[in-house]
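Everything on this sheet refers to the single structure shown next.
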Amino acid sequence: MLSVANVEHRQDEAIGVTSSRRVLIKAAALGALATSPLIGRLIRSGAALAAPSKAQDAKILQLVLQLEYLQVAFYEQALQQASLKGDLRDFAQTTLGHERQHLAAIKNALGAKAGPKPKFDFGQRTKSPDAFTRTAIRLEDIAVAGYNGQATNLTKGTLAAAAEIVSVEARHAAWVRAIAGEVAAPVPVDKPMTAKQLAEGLHEIGLKG
Amino acid sequence: MDGSPSFDRFLAAVDRDGAIAETRTRAEASLSRRRLLGLALVGAGASLIGSSRARAARGLAASDVSILNYALVLEYLQASFYTEAERSGALSGKTAEAARVVGATERAHVEAFRELLKSQAVKRPTFDFQGATEQQQPFLKTAVAFEDLAVAAYKGQAPKLQSNAVLAAAVGIHSVEARHAAWMRELFGITPAVHAFDKPASRASVTEIVASTHFIVAKPQLTKRRRPKYTG
């Protein structure tokens with residue numbers, strides 16, 4: 001076993017100029033070194049965003065409302081129709097509970113201005129455990145990317161509230177991946193989606209109209 | 001549900017902090033805090049704010065530099081923890097695989113922050129994980145606590161960031177830490193997502209929690225002060 005002093009020294013090497021090749025090779029294999037370029041791109045694109053305002057918050061929340069409505073409907077229908085068992089059923093039930101609370105919070109924030117419940121057609125996506133798993137992974141990833149993409153467009157207060165939701169969506173995404181035996185956190189930085197991409201993603205899964 | 005009665009003290013402390021409304025006054029009550037944390041994050045942040053009044057890294061606000069260095073220390077902590085666990089050879093199966101992926105990610109986060117901060121980046125502190133990297137169950141328990149803590153820490157800072165660019169990067173890392181937290185929880189056999197809303201933790205409370213672990217055994221220093229000479 002390595003002594004602590006040894007480990008610390010080797011960590012210094014790994015992070016410094018005299019990088020441990022082993023660490024670098026592993027990181028490269030995982031695509032982890034893509035982090036810096038992505039952050040660079042985010043940083044270049046950050047400057048061009050519109051200034052946050054209460055009116056803009058409301059527009060963004062209307063879109064997020066559709067996302068949360070879709071999530072609730074998806075998990076409700078899957079629990080009835082997808083023959084979910086064991087871990088997958090536990091995941092769907094717990095996640096449904098969270099999505100209902102998210103939906104209530106967004107509705108509450110929008111008050112009387114909250115848009116109506118949309119219509120959905122999930123097709124075969126809620127009809128089998130496999131289809132459910134694939135769709136849940138996609139849906140939770142879309143939720144994370146959608147919320148993250150709006151971070152710089154929101155006022156600070158709304159951002160703080162959204163941040164309490166997005167990490168729970170990320171937990172769902174990792175949870176269902178782990179159940180499926182997949183790498184639960186495949187990238188070092190989650191890539192954001194624009195509002196347009198989020199809307200497209202919701203339609204891809206089953207949002208109508 | 002969360003079935004581990006001896007569940008980590010610093011996770012418990014995060015939850016407690018979430019219940020208490022986060023107060024700025026607490027963060028500013030620095031006398032006892034500074035005495036308590038002479039060796040940890042606040043020291044690093046405070047000295048940075050002092051030194052960066054004149055010139056911030058890449059045009060970042062001094063407060064952003066301070067937040068980024070605080071995040072960097074958390075990333076150093078995590079990267080070192082996973083790297084040491086990997087090297088200890090104590091992990092097996094899915095846990096070993098997860099530790100390899102998460103470790104590589106945390107190292108990438110460290111690199112990204114150092115790149116962003118350049119000469120204003122704090123240096124890696126010295127850590128002593130007190131055996132937590134040498135057995136699978138203590139490793140998982142500590143990993144869960146670290147990841148949940150990181151999620152709460154990023155969440156606490158996100159609304160305070162001045163730079164949109166840094167904010168966009170920070171939220172992308174914040175959600176990855178949440179994925180890690182869920183993954184480690186699943187491997188540890190506890191519910192990956194307990195609550196519908198994840199609560200933030202203030203910098204003061206995170207710093208206190210980290211200090212309480214005694215995992216940091218030497219103070220992080222500014223690299224700009226003077227680079228130590230490596231003979232290797």
Side-chain angles (χ1 to χ4, degrees), chain A residues 1-2 4 7-8 10-16 18 23 26-27 30 32-33 35-36 38-39 42-47 49 94-95 97-98 101-102 105 144 148 151-152 156-157 159-160 163-175 177-179 183-185 187-192, chain B residues 76 79-80 83-84 87-89 97-98 100-102 104-105 107-112 114-116 124 126-129 134 151 154-155 158-160 163-169 171-183 185-187 191-193 195-200 230 232:
Chain A
M1 196 184 302
L2 292 163
V4 169
V7 170
E8 292 307 333
R10 289 172 60 174
Q11 281 165 354
D12 277 342
E13 285 178 352
I15 219 73
T18 55
V23 168
K26 278 187 179 172
L30 289 160
L33 291 180
T35 307
S36 293
L38 175 54
I39 287 179
L42 289 170
I43 281 168
R44 281 190 294 278
S45 66
L49 292 161
T94 303
T95 301
H98 295 163
Q101 290 183 65
H102 295 168
V144 171
N148 278 350
T152 55
K156 296 301 184 188
L159 166 61
E164 294 190 9
I165 295 176
V166 66
S167 57
V168 176
E169 309 290 10
R171 286 172 187 268
H172 297 158
W175 187 359
R177 273 201 172 83
I179 292 171
V183 171
V187 295
V189 182
D190 278 323
K191 207 178 155 195
Chain B
Y76 276 140
S80 298
T83 303
E84 189 176 306
R87 288 172 179 173
S88 80
E97 188 196 323
R100 190 172 54 78
V101 174
V102 175
T105 298
R107 289 190 291 268
H109 292 169
V110 165
E111 286 303 323
R114 284 166 59 100
E115 171 71 19
L116 203 57
R124 177 184 297 269
T126 304
F127 298 104
D128 177 358
F129 295 108
E134 291 159 22
V151 175
Y154 274 99
K155 202 186 311 295
K160 295 178 180 169
S163 157
N164 267 346
V166 174
L167 172 59
V171 297
I173 293 176
H174 166 247
S175 54
V176 168
E177 302 292 352
R179 289 173 189 264
H180 293 169
W183 199 0
R185 283 174 158 269
E186 208 266 347
L187 290 165
T191 304
H195 305 291
F197 303 93
D198 274 339
K199 293 297 170 190
Y230 290 108

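Quick note on labels: first sequence line is chain A, next is B, and so on, each numbered from 1.
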>> Tell me which of these, B:Ala98, B:Ala181, B:Ala196, has more heavy-atom pairs under 4.5 Å with chain A than the rest.
In response: B:Ala196

> What are the two closest non-hydrogen atoms of B:Pro200 and A:Glu164, and how far apart are they?
Replying inline: CD-OE2, 3.6 Å

> About how many Å separate CD of B:Glu84 and CD of B:Glu134, when rounded to the nearest 0.5 Å?
Replying inline: 6.5 Å

> With respect to B:Tyr76, which candidate in B:His109, B:Arg107, B:Arg114 satisfies the side-chain hydrogen bond (donor to acceptor under 3.5 Å, both in side chains) definition?
Replying inline: B:Arg114

>> Would you compute the distance between atom OG1 of B:Thr105 and atom CZ of B:Arg100 and round it to the nearest 0.5 angstrom?
In response: 10.5 Å

> Can you tell which of A:Ala170, A:Ala185, A:Ala174, A:Ser167 has the highest number of heavy-atom pairs within less than 4.5 Å of chain B?
Replying inline: A:Ser167

> Where does A:Val144 contact chain B at under 4.5 Å (heavy atoms): side chain, backbone, both or neither?
Replying inline: side chain

> Taking atom CD of A:Glu169 and atom CZ of B:Arg179, what is their separation to the nearest 0.5 Å?
Replying inline: 10.5 Å

> Pick from B:Leu167, B:Val151, B:Val176: which one has the most heavy-atom pairs with chain A under 4.5 Å?
Replying inline: B:Val176

>> Distance check, rounded to the nearest 0.5 Å: B:Glu177 atom CD versus B:Asp198 atom CG?
In response: 12.5 Å

> Hey, which of A:Thr94, A:Leu159, A:Thr95 has the most heavy atom pairs under 4.5 Å with chain B?
Replying inline: A:Leu159

>> Counting heavy-atom pairs under 4.5 Å with chain A, which one of B:Pro159, B:Gly89, B:Ala158 comes out on top?
In response: B:Pro159

> chain A heavy atoms under 4.5 Å from B:Glu97: which part of the residue, side chain, backbone, both or neither?
Replying inline: side chain

